[in-house]
Amino acid sequence: MDAKDMGDKLEHILVTEEQIDAKLDEMAAAIDRDYDGDLLLVGVLKGAAMVMSDLARKIHSPLQMDWMAVSSYGLGTKSSGVVKILKDLDADVTGRHVLIVEDVIDSGLTLDWLRRNLMARGAGSVRIAAILRKPDAAKIEVPVDYLGFDIPNEFVVGYGLDWAEQFRHLPFVGTLAPHVYGG
């Protein structure tokens with residue numbers, strides 16, 4: 001699916017496929033400079049699937065990949081403030097260099113909890129890579145070591161981000177027209 005296939009559902013594109021690809025090249029080069037092996041990439045499901053896959057293929061240093069799914073929303077649409085692990089890591093992080101890979105950083109609360117949780121498990125180091133960050137949505141400052149793009153605090157879809165489990169597969173990041181989601 002591309003922008004033409006979306007018809008009137010797409011309001012505008014914020015970050016193009018080409019911009020994402022170029023930024024991932026830069027991020028991978030920086031990661032290669034910082035690590036020489038025993039790197040564990042931890043993708044946060046489901047949104048990070050695209051960025052994790054594309055970023056991992058661009059990194060030349062030896063690495064392993066694992067996944068976590070966490071939720072802080074419960075049954076509502078606003079964060080409950082309590083983080084629940086829905087799918088834990090298979091790998092042991094003790095003494096390992098861990099790089100959390102995220103699609104977007106909004107409030108930072110869940111990501112901060114996850115970073116502290118992995119450190120408490122004995123990780124040698126924990127850093128963060130994110131393709132998108134919404135600085136205006138931040139409730140807590142989370143150190144981001146490898147960042148793609150700062151974007152406005154708008155509801156975005158594509159490149160792993162969804163609305164009602166749709167639009168994750170878009171190769172770009174864009175905003176939906178308000179009539180799609182009733183906004």
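We're numbering straight along the sequence, starting at 1. The structure displayed is predicted, hence computed values, not measured ones.
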Enquirer: For the pair D66 (side chain) and V42 (backbone), establish whether a donor and an acceptor sit closer than 3.5 Å, ignoring hydrogens and angles.
Expert: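 No, the answer is negative, given that no donor and acceptor are paired below the 3.5 Å cut-off.
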Enquirer: Do side-chain atoms of K23 reach the backbone of I131 as a donor and acceptor pair under 3.5 angstrom?
Expert: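 Flag not set: sc K23 to bb I131 has no pair under 3.5 Å.
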Enquirer: Let me confirm one number: the CE-OG distance from M65 to S53, rounded to the nearest 0.5 Å.
Expert: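 These two atoms lie 5.0 Å from each other.
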Enquirer: Which of these, D54, L170, V104, sits in a side-chain contact (heavy atoms from CB on, under 4.5 Å) with Y159?
Expert: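 Output: one option passes, namely D54.
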Enquirer: Is the shortest side-chain N to carboxylate O distance from K58 to D32 below 4.0 Å?
Expert: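 Salt bridge between K58 and D32, a charged N being under 4.0 Å from a carboxylate O: no.
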Enquirer: If you take all heavy atoms of R127 and Y35, which pair is closest and at what distance?
Expert: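 Minimum heavy-atom separation between R127 and Y35: CD-OH, 3.0 Å.
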Enquirer: Check the surroundings of atom NZ in K87: do more than 12 heavy atoms from other residues, nucleotides or ligands lie under 6.0 Å from it?
Expert: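 Atom NZ in K87 is crowded, with more than 12 foreign heavy atoms closer than 6.0 Å.
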Enquirer: If you apply the rule salt bridge (charged side-chain N to carboxylate O under 4.0 Å, His left out), what do you find for R133 with D103, and how did you get there?
Expert: CA-CA 8 Å; R133 176 177 62 185; D103 54 350; over 6 Å; no
Enquirer: Out of curiosity, L132 CG to L14 CG, how far, rounded to the nearest 0.5 Å?
Expert: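 With rounding to 0.5 Å, CG (L132) is 8.5 Å from CG (L14).
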Enquirer: Specify the closest pair of heavy atoms between L10 and A3, including all atoms of both residues, with the distance to one decimal.
Expert: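 Looking at all heavy atoms of both residues, the shortest contact is CD2-CB, 3.8 Å.
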Enquirer: So S125 and R96, do their side chains get closer than 4.5 Å, heavy atoms only?
Expert: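 Sidechains of S125 and R96: no contact.
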Enquirer: Hydrophobic cluster membership, with links at side-chain heavy-atom distances under 4.5 Å among I/L/V/M/F/W/Y: are Y181 and F167 in one?
Expert: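 Yes, Y181 and F167 fall within the same hydrophobic cluster.
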Enquirer: Between E165 and K46 (salt bridge meaning N to carboxylate O under 4.0 Å), is one present in this structure?
Expert: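 Yes.
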Enquirer: Looking only at non-hydrogen atoms, find the nearest pair between M52 and G43 and report the distance.
Expert: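 Answer, listing the atom of M52 first, then G43: CE-N, 3.3 Å.
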Enquirer: Does V142 offer a backbone N or O that forms a donor-acceptor pair with the side chain of D112 under 3.5 Å?
Expert: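 No; zero donor-acceptor contacts below 3.5 Å.
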Enquirer: Specify the closest pair of heavy atoms between I128 and R115, including all atoms of both residues, with the distance to one decimal.
Expert: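 Distance-wise, the nearest heavy atoms are CD1-CD, 4.0 Å.
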Enquirer: Between A130 and V144, which heavy-atom pair has the shortest distance, and what is it?
Expert: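 Here A130 and V144 meet closest at N-CG1, 4.4 Å.
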Enquirer: Of all heavy-atom pairs between R121 and M68, which one has the smallest distance, and what is that distance?
Expert: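 That closest heavy-atom pairing would be NH2-CE, 3.8 Å.
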Enquirer: Salt-bridged, R33 to D36, with N to O below 4.0 Å?
Expert: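 No.
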Enquirer: Consider only side-chain heavy atoms of I, L, V, M, F, W and Y, link residues closer than 4.5 Å, and tell whether I151 and L24 are in one cluster.
Expert: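 Yes, I151 and L24 fall within the same hydrophobic cluster.
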